[in-house]
There are 2 protein chains.
Amino acid sequence: MTPSRHDRLTIGQLAERSGLATSALRYYESLGLIHSERTTGNQRRYPRAALRRIAFVRAAQQVGLSLEEVRTALARLPEDRAPTPRDWHSVASTWQHRIDRQIAELQMMKAKLTGCIGCGCLSMSRCALYNAGDRAAAAGPGARYLLTRDPDDGPEPVVGPERRL
Amino acid sequence: MTPSRHDRLTIGQLAERSGLATSALRYYESLGLIHSERTTGNQRRYPRAALRRIAFVRAAQQVGLSLEEVRTALARLPEDRAPTPRDWHSVASTWQHRIDRQIAELQMMKAKLTGCIGCGCLSMSRCALYNAGDRAAAAGPGARYLLTRDPDDGPEPVVGPERRL
DNA sequence: ATCCAACTTCAAGCCCGCTTCAGGTCAAGG
DNA sequence: CCTTGACCTGAAGCGGGCTTGAAGTTGGAT
């Protein structure tokens with residue numbers, strides 16, 4: 001099982017097997033998410049490990065990481081070997097938290113919605129479906145929990161000068 | 001409580017109270033998400049109802065709707081009055097489904113991750129953390145459930161000619 | 001009457017994650 | 001050898017959701 005020629009995949013083969021377009025693979029490579037060697041004729045040849053890295057990238061995207069974040073995360077995993085359980089554990093537990101947070105937010109949203117449906121609100125006089133100050137914006141994308149207070153009640157619900165969502 | 005002058009908000013006031021930038025409000029208006037009247041000097045004056053509509057937009061975004069979808073949804077709600085329970089119910093139940101789907105996907109992801117952590121895999125020999133054909137791509141954004149079969153096992157795991165994500 | 005912050009419009013720019021295009025090169029089968 | 005399809009690069013384009021900039025106008029306070 002010494003690395004033989006046939007371990008090296010062309011970009012087309014990698015595309016087929018990963019389900020990504022070749023353009024996406026070149027793009028990923030330009031970002032340093034995957035790496036290739038070149039033939040004498042300057043064509044890319046990918047190690048099988050690239051498939052693993054791509055799987056990682058796709059999974060990470062689902063968890064909501066940007067490609068830049070993925071790059072950082074990948075930097076903590078071995079380049080050409082399968083990660084050890086401990087490599088993997090540190091990464092995966094971060095993801096767990098992300099996922100938990102996302103689920104919690106969605107559930108909160110769902111609960112609020114249910115309340116609104118029940119009360120037939122959005123009448124906006126004390127409906128929960130409102131978040132005047134948009135406080136959560138600073139907590140990052142997707143982090144705005146909605147719906148806090150009623151703007152019809154007070155004159156200056158705003159907190160700071162930062163109006164930029 | 002007849003609609004008085006002071007019910008009309010300037011774009012700056014609306015920005016403060018909604019937490020959005022004025023540029024975003026103009027943008028929303030250009031998309032038909034909110035509406036204003038104009039002063040003799042051509043400045044926008046928003047009815048209070050705009051706050052409600054903005055709250056709706058932000059909430060909808062959280063649920064994953066594009067602004068175009070929001071526009072469609074808003075078209076089913078009354079322009080200047082609070083929606084009735086039935087108006088609201090039809091819209092909200094759609095959201096419920098979206099939310100439920102998103103939660104289900106996240107939980108599936110979480111389960112897979114947990115499995116991977118347990119087995120210390122990503123060794124890619126029979127790890128669940130892989131989805132060669134990426135079948136779910138056609139099901140829309142966010143719909144890819146991950147991780148199905150192992151590319152190291154067969155030569156042509158691909159299903160059709162569609163390699164695009 | 002004057003001032004100045006807040007408003008106006010329109011066009012262009014930005015970020016992300018790619019795709020598409022143009023113009024050329026490589027490599028494997030006949 | 002020749003063809004053909006896969007590959008190469010760099011630049012530009014796209015869609016979504018805004019922001020920024022320039023150049024000009026309004027309106028409320030003094």
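In what follows, chains are A, B, ... by sequence order, proteins preceding strands, each numbered from 1.
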According to a strict under-4.0 Å criterion, is [X] in side-chain N/O contact with OP1 or OP2 of [N]?
X	N	value
B:Thr40	D:dT26	no
A:Thr39	C:dC26	no
A:Tyr28	C:dC18	yes
A:Thr22	D:dA6	no

Side-chain donor-acceptor contact under 3.5 Å, B:Glu29 with B:Ser36: yes

Could you check whether A:Tyr46 and A:Gln13, counting side-chain N and O atoms only, form a donor-acceptor pair closer than 3.5 Å? no

Can you give me the closest heavy-atom contact between A:Ala50 and A:Leu14, atom names plus distance? CB-CD2, 4.1 Å

If you look at every strand shown and take non-hydrogen atoms under 4.0 Å, does [X] touch a base, only sugar-phosphate, or nothing?
X	result
A:Arg44	sugar-phosphate
B:Ser66	sugar-phosphate
B:Arg38	sugar-phosphate

Among [options], which is the nearest nucleotide to the side chain of [X]?
X	options	value
A:Gln61	D:dC7, C:dC18, D:dC18	C:dC18
A:Ser23	C:dA27, D:dG28, C:dT19	C:dT19
A:Leu67	C:dA27, C:dG17, D:dT9	C:dG17
B:Ile11	C:dC7, C:dC26, D:dT19	C:dC7
B:Tyr27	D:dG17, C:dC7, D:dT9	D:dG17

Are any non-hydrogen side-chain atoms of A:Arg53 and A:His35 less than 4.5 angstrom apart? yes

Is there a side-chain contact between A:Ile54 and A:Leu25 (heavy atoms, below 4.5 Å)? yes

Salt-bridge present (A:Glu69, A:Arg98; N to O < 4.0 Å): yes

How far does the helix from C:dA1-D:dT30 to C:dG30-D:dC1 bend, going by the axes of its first and last five pairs, to the nearest 10°? 10°

